[in-house]
Number of protein chains: 2
Amino acid sequence: MKKEIPLVNNMNPATNLDFEKYEQKFKALADQQRLQIINILALKESVCVCDLTPMIDMPQSKLSYHLKILLEADLIQKEKRGTWNYYSLNIKELRGLLSDQLCCVFLPSCC
Amino acid sequence: MKKEIPLVNNMNPATNLDFEKYEQKFKALADQQRLQIINILALKESVCVCDLTPMIDMPQSKLSYHLKILLEADLIQKEKRGTWNYYSLNIKELRGLLSDQLCCVFLPSCC
DNA sequence: TCCTAACATCAAATTTATTTGATGTAATTT
DNA sequence: AAATTACATCAAATAAATTTGATGTTAGGA
């Protein structure tokens, strides 16, 4: 039997849980400084905080705070190597969130 | 002469103006109540505040405030008809912002 | 072992966003 | 014309996010 592709997909209406989850993710995106961090992370595979600091005009504790917000929203990942913490974008998550157009603006390596 | 579509669009790196603009848009999205409003607006072409009020558990002045945030971010539009103000989604803007996947969650009529 | 670099975390101060209840205004109804 | 509906706006109160400077922790080097 042929499986119909519905024109309108109302199978997955948004739930309160979705609202809560996406609120957090959009909050993480809703800050110029964090958008800039994302933009810089998009340039490389992985960047340590010590390399990030001179690229961005921000005291270290502040940078650390913003990285944490992004991390908790699962928009970036953290990997410890020795003394250094390397951060990288969670591309999959970001692409699930942002339009292609927006990915092109903020994640130039995506296009 | 044929116009080429570039495979990689690195022509438009993000600027500070982009950061500012998208900060505002993401801020508007970064709230459960506003996501719920968007979700409700997606059900109809256009909804007046008086119909919205009973659908959403919120004092009128609060609803008005949140609609304004969405309006200023250009995520929704307003049209006055007599005594009523009708609000509708700015689908084009939303699709320029959100992934297809996310559109399906919040804007079911999109899928 | 002691020192330093590379961070994270914390508490207090500050800024920004949201909520609330009251008031204002314009269109409609009576 | 007065009353009512459908909003927007405002100011004060509250809540949440951000910033700052200080302190804590861990790993590596001298």
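As the structure is a computational prediction, the values presented were derived from the model and not from experiment. Below, read A as the first sequence line, B as the second, and so on, with proteins coming before strands; counting in each chain starts at 1.
Inter-residue side-chain proximity for B/Asp18 and A/Asn39 is flagged as unmet; no heavy-atom pair is nearer than 4.5 Å. The side-chain heavy atoms of A/Cys103 and A/Arg95, taken from C-beta on, include a pair separated by under 4.5 Å.
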* Could you write nucleotides 9-22 of chain C as a row of B, S and -, 5' to 3', where a protein heavy atom under 4.0 Å of any base atom gives B, of only sugar-phosphate atoms gives S, and otherwise -? -> B-------SBBBBB

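Between B/Tyr87 and D/dA8, a side-chain N or O to OP1/OP2 separation shorter than 4.0 Å is present. Residue B/Asn85 places at least one side-chain N or O under 4.0 Å from the OP1 or OP2 atom of D/dA8.
B/Tyr86 comes within 4.0 angstrom of nothing in the nucleic acid, heavy atoms only.
For the side chain to side chain contact (heavy atoms under 4.5 Å, CB included) with B/Ile76, the lone residue among B/Val47, B/Leu70, B/Ile69, B/Ile91 that qualifies is B/Leu70. Results of the side chain to side chain contact (heavy atoms under 4.5 Å, CB included) test with B/Leu89 over B/Ile37, B/Ile40, B/Leu41 single out B/Leu41 as the only residue that passes.
Listed by first then second residue, pairs satisfying side chain to side chain donor-acceptor pair (under 3.5 Å) with a partner in residues 62-71 of chain A read A/Gln33-A/Lys62, A/Arg34-A/His66, not counting sequence neighbours.
Regarding A/Ile56, its CD1 atom lies at a distance of 14 Å from the P atom of C/dC7, rounded to whole Å. Distance A/Leu67 CG to C/dC7 C1': 11 Å, rounded to the nearest Å. Following rounding to the nearest Å, A/Leu63 (CG) and C/dA6 (C1') show an atom-to-atom distance of 12 Å.
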Can you tabulate the close N/O pairs, meaning under 3.5 Å, that link protein atoms to atoms of nucleotides 25-29 of chain D?
none

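Salt bridge B/Asp31/A/Lys27: absent, no basic N to carboxylate O contact under 4.0 Å.
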